[in-house]
2 protein chains.
Amino acid sequence: MIIREACNCPLEVVHGMIKGKWKTMIVYQLKDGNTSLAELERGIEQITQKMLLQHLKEMQASGIVDKITGEGYPLHVEYYLTDRGKKLLSAVLIMQEIGIDYMVEQGQTELLDRKGIDYKR
Amino acid sequence: MIIREACNCPLEVVHGMIKGKWKTMIVYQLKDGNTSLAELERGIEQITQKMLLQHLKEMQASGIVDKITGEGYPLHVEYYLTDRGKKLLSAVLIMQEIGIDYMVEQGQTELLDRKGIDYKR
DNA sequence: CCGTATCCGATCCGATACTG
DNA sequence: CAGTATCGGATCGGATACGG
């Protein structure tokens with residue numbers, strides 16, 4: 001892992017694991033199990049393949065995700081959350097709620113509707 | 001708030017709220033209630049006053065923290081978590097656990113001991 | 001004690017092109 | 001479909017100095 005800084009507190013460690021623009025979204029996208037790179041790319045709007053691969057590599061190094069690689073062509077790889085990643089998912093789900101709350105407050109429900117996100121309680 | 005990007009997903013919103021090196025630590029540091037700037041600065045090793053103030057300002061703009069300002073000298077200000085901040089705290093506490101797990105796995109318990117963090121279950 | 005301003009190197013991330 | 005390499009602009013964050 002690339003915790004190069006002097007990590008003297010648990011939250012600093014985790015910051016190293018989730019920093020970057022896309023990592024929480026990748027975790028969320030993996031919530032339902034094994035997912036191919038192409039599926040991830042489709043699921044996360046606007047991410048580039050480069051950033052997706054770069055972040056996945058870092059997340060693998062920090063033990064949040066892992067992957068299995070099939071043989072033969074076309075190549076097939078599946079990424080999935082490790083146990084640590086699943087624990088992180090529980091934090092990400094709270095963040096998701098916070099973001100939804102915020103968007104509802106701001107009257108941005110149209111965006112949520114378009115994505116089929118349920119925000120009614 | 002400075003959500004300048006086109007925010008089309010809840011996690012992107014929250015990323016805007018917590019990005020930066022110190023924000024999760026600030027949230028954690030505020031868990032026990034109102035805290036002065038000086039206390040925060042003492043509680044978060046290595047943070048500079050500039051970064052602390054900058055992050056607090058951003059967090060205030062995104063509705064995670066708020067502050068009350070006393071009158072007279074010496075100046076006294078107290079920062080505290082809003083309801084949104086408290087919800088975020090519940091995610092931060094999970095991150096804290098993940099970080100502790102990681103440090104225990106790596107045999108870095110000495111650092112946890114020094115900080116008086118309980119990692120025994 | 002609280003808060004602001006500037007400067008500058010380090011890092012991040014998007015675009016793009018390319019390989020197996 | 002999966003993955004790598006490079007380049008350049010934008011952003012981040014630490015040092016430092018100053019002001020209320």
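Keep in mind it's a predicted model, so treat the numbers as computed, not measured.
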Let's see if you can work this out: which of C/dG14, D/dG14, D/dC12 has an atom nearest to the side-chain heavy atoms of A/Thr48?
C/dG14
For D/dG13, take OP1 and OP2 only and decide whether either is under 4.0 Å from a side-chain N or O of B/His55.
yes
What heavy-atom pair brings B/Val65 and B/Leu81 nearest, and what distance separates the two atoms?
CG1-CD2, 4.1 Å
Consider the side chain of B/Tyr79, meaning its heavy atoms from C-beta on, and name the nucleotide among C/dG14, D/dG13, C/dG3 that approaches it most closely.
C/dG3
Measure the distance from CE on B/Met51 to P on C/dC8 and round it to the nearest whole Å.
18 Å
Return the 5'-most residue of the pair A/Lys50, A/Lys67 with respect to DNA chain D, ranking by each residue's nearest nucleotide.
A/Lys67
Which listed nucleotide (D/dG14, C/dT4, C/dC2) is nearest to the side chain of B/Trp22?
D/dG14
Got a donor-acceptor contact below 3.5 angstrom from the B/Thr82 side chain to the B/Gly85 backbone?
yes
In terms of side-chain heavy atoms of A/Val77, which of D/dG3, C/dC12, D/dG14 is nearest?
D/dG3
Measure the distance from CD on B/Glu41 to C1' on C/dG3 and round it to the nearest whole Å.
11 Å
Between B/Cys9 and A/Lys115, the two heavy atoms sitting closest are CB-NZ, 3.8 Å
Atom CD of B/Glu97 and atom CZ of A/Arg84: how far apart are they, to the nearest 0.5 Å?
13.0 Å
Whole-Å distance, B/Lys57 NZ to C/dT4 C1', equals 7 Å
Rounded to the Å, how far apart are A/Ile47 CD1 and C/dA15 C1'?
15 Å
5'-most contact on DNA chain C (nearest-nucleotide basis), B/Glu78 vs A/Leu75, goes to B/Glu78
Reckon A/Lys19 has a side-chain N or O less than 4.0 Å from the OP1 or OP2 of C/dT11?
no
Closest to the A/Ala38 side chain: D/dC1, C/dG14, D/dG14?
D/dC1
Measure from the side-chain N and O atoms of A/Lys57 to the backbone N and O of A/Leu53, and report whether any donor-acceptor pair falls under 3.5 Å.
no
C/dT11 C1' sits how many Å from A/Glu58 CD, rounded?
11 Å
How would you label the contact of B/Gln49 with the nucleic acid (heavy atoms, under 4.0 Å): base, sugar-phosphate, or nothing?
base
With no hydrogens and no angle check, is any side-chain donor or acceptor of A/His15 less than 3.5 Å from a backbone partner on B/Lys19?
no
Consider the side chain of B/Leu37, meaning its heavy atoms from C-beta on, and name the nucleotide among C/dC13, C/dG3, D/dG3 that approaches it most closely.
C/dG3
Side-chain atoms of A/Leu53 come closest, of D/dT4, D/dG14, C/dC2, to D/dT4
How many Å lie between CD on B/Gln54 and P on D/dG14, as a whole number?
10 Å
Taking only N and O in the side chain of A/Lys21, is any of them less than 4.0 Å away from OP1 or OP2 of D/dT11?
no
Interatomic distance, B/His15 NE2 vs C/dC12 P [rounded to whole Å]
11 Å
Just how far, in rounded Å, is C1' of C/dC2 from OH of B/Tyr73?
9 Å
Name the nucleic acid region contacted by B/Thr69, choosing base, sugar-phosphate or nothing; use a 4.0 angstrom heavy-atom cut-off, strictly under.
nothing
